[in-house]
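Below is one structure, written out as structure tokens; comments come after it.
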Amino acid sequence: MSDINDRLAALDPAASDPYRAPNLNEMISRITATPSGAARSTWWQRVQLRIASALILGSLVGATAFVLVDNGASLPVLAIQNLAQHRTTAAPFNSDTMQPYEEIDFAAGASLSNSSSSTSSYQLQIPASAATETVRVASIFGVSGTPHEASGNWTVTSPSGATVDYDTTGLPQWYYSSTTPAIAPATYSSSATAAMPSHATLAADAQGYLAKLAYGYDVSSPDFSTSTTSTTAQNGTQSSQSQEEVSYVVSVNGLATDQTVSFSVDSQNNLVYAQGPAFHVAVGTSYPLQSPANGVSTLNATEQAAYPTSTGANAKGPPIVHATVNSASLSLATYELKDGTTWLLPLYTYSGNVSQKDGTTSGGTWSELALEPSYVQISPSVARGVVNY
């Protein structure tokens, strides 16, 4: 039982018959709304997120692909069947039960620009052989052994218990752990109880590993954090360990992406955990963008299409609230094409205020594909934005 999924499944007596919550979509929506600083990205937490992602992706089978189609224009049109990132579909509306969803009427604030621009989209080059890449990454972290595959996950485990896991679900991700405890470590403090290496030392360690990995992508400024974790070894011995983590957002030509890379060390500067994506970036293709203000209009049209019976005398949809969008930032998000390739496409992330029916207001964030709509073919029934409300 060397594969990480097998080890985790062994701890879960219901693993062979997983429970699917009836309100899964609502839970997913609430999870995506969690502030990014609310949890640390240690290796074991990444494993938990990977499992959660597998559950989410399992409910979206067939809903994450699009294909490039040449319509004779100078640029190919993105004929999108569905998006990997999208608003979760609400359960059928029932007036006899509490209404967990609200339709949002979006309006662009005066501060949003009406000017259009362009930026590049990028096809990602994925390692050709998962087995070969697993062994290569393992050697960089000093882990040797025979790679084993289960459900798209490749694992190499050394006699010492150090493990490299290479997950090929979606965009490939690699994970390193210096040990393989019987029970996943639990973070019980956000501070360290021992003197930790300097930020400069940890950043230099990280840059050294990134150079050896040689994927060639850029990273943002480092973000440092500390924690103390507790764990149980294979022999049942319990222990605690202070560690320091440096994390980076992967960027391409100055634009942040939805990918991250991180490294954690103990008080003696020994690498404890590490994780990141496995890809190279091909030459970009420049696409026109819709203006931030027009993107809000597109987001609003999508919302109304999702709830066509929310207005009128016979309205049966969820209640309507009003949102004013005040700012927008541009980033790159990962999407899988129908032909199996993976791309980074531009995405607007909006923030604004929602006015509730009782007169109160709350903040919200939403995302919308930033490409000019004329370069996108999409079914009216497909939600094209990401709503984190």
Side-chain angles (χ1 to χ4, degrees), residues 32 36 41 46 49-50 53 56-57 60 63-69 75-86 116-128 133 166-174 210 213-221 247-262 275-290 292 295 298-299 328-350 365-373 375-378 382-386 388:
T32 57
S36 60
S41 55
R46 292 291 176 181
L49 288 174
R50 190 185 67 195
S53 297
I56 295 171
L57 289 173
L60 302 177
T64 60
F66 58 86
V67 60
L68 290 178
V69 176
L75 289 172
V77 172
L78 299 174
I80 301 175
Q81 292 184 191
N82 279 292
L83 302 183
Q85 295 182 329
H86 66 290
S116 302
S117 60
S118 64
T119 194
S120 291
S121 297
Y122 302 90
Q123 182 176 347
L124 303 183
Q125 298 174 339
I126 308 302
E133 188 65 9
Y166 185 81
D167 184 3
T168 62
T169 303
L171 183 63
Q173 304 282 324
W174 51 264
L210 288 172
L213 289 163
Y215 290 120
Y217 45 64
D218 299 324
V219 293
S220 65
S221 300
S247 60
Y248 303 88
V249 173
V250 175
S251 62
V252 177
N253 286 340
L255 283 181
T257 73
D258 56 359
Q259 301 298 309
T260 62
V261 60
S262 64
Q275 66 80 212
F279 67 85
H280 293 82
V281 181
V283 176
T285 301
S286 182
Y287 273 93
L289 304 181
Q290 58 184 325
T298 304
L299 188 64
S329 61
L330 186 65
S331 62
L332 295 170
T334 310
Y335 296 88
E336 185 178 353
L337 276 69
K338 194 172 184 179
D339 63 5
T341 60
T342 304
W343 284 61
L344 287 171
L345 299 181
L347 194 77
Y348 285 133
T349 297
Y350 295 109
T365 60
W366 310 269
S367 294
E368 168 64 25
L369 195 65
L371 291 171
E372 164 59 44
Y375 289 92
V376 176
Q377 294 177 358
I378 187 167
V382 174
R384 54 187 289 158
V386 185
N388 299 325

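Excluded from the calculations below are hydrogen atoms, water molecules and symmetry mates; all remaining heavy atoms, backbone and side chain alike, are included.
Relative orientation of the Tyr348 and Tyr350 rings is tilted, given thresholds of 30° and 60° on the angle between their planes. By the 30° and 60° cut-offs, the orientation of the rings of Tyr217 relative to Phe279 is tilted.
Scanning both residues, Leu255 and Leu330, for their nearest heavy atoms gives CD2-O, 3.6 Å. Between Pro288 and Leu75 the shortest heavy-atom distance is CD-CD1, 3.8 Å. The two residues Glu368 and Leu299 make their nearest non-hydrogen contact at OE1-CD1, 3.7 Å. Closest of all the heavy-atom pairs between Tyr215 and Ala278 is OH-CB, 3.4 Å. Summarising the geometry of Gln290 relative to Thr298, their closest heavy-atom pair is OE1-OG1, 2.9 Å, with the distance given to 0.1 Å. Shortest non-hydrogen contact noted between Val261 and Pro277 is CB-CD, 4.5 Å.
The line from OH of Tyr166 to OG1 of Thr168 is 7.5 Å long, rounded to the nearest 0.5 Å. With values rounded to the nearest 0.5 angstrom, Leu344 atom CG is found 7.0 Å from Asp258 atom CG. Here the straight-line distance linking atom OG of Ser121 with atom OH of Tyr375 works out to 12.0 Å at 0.5 Å rounding. Here the OG atom belonging to Ser251 is positioned 12.0 Å from the CD atom belonging to Gln259, to the nearest 0.5 angstrom.
Looking at Thr349 and Ser367, their side chains do bring a donor and an acceptor atom within 3.5 Å of each other. A donor-acceptor pair shorter than 3.5 Å cannot be found between the side chains of Ser116 and Glu372.
Looking only at side-chain heavy atoms (C-beta outward), Pro346 and Tyr287 stay at 4.5 Å or farther from each other. In this structure, the side chains of Val252 and Asp218 stay at 4.5 Å or more apart for every pair of heavy atoms. Side-chain contact check for Thr334 versus Thr257: every heavy-atom pair is 4.5 Å or farther apart. You'll find the side chain of Leu345 stays beyond 4.5 Å of the side chain of Leu332, heavy atoms only. For the pair Leu213/Trp174, a side-chain contact is recorded, criterion being any heavy-atom separation below 4.5 Å from C-beta on.
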| task | Check the pair Gln275 / Thr260 against side chain to side chain contact (heavy atoms under 4.5 Å, CB included), numbers first and verdict last. | result | CA-CA 8 Å; Gln275 66 80 212; Thr260 62; 3.5 Å; yes
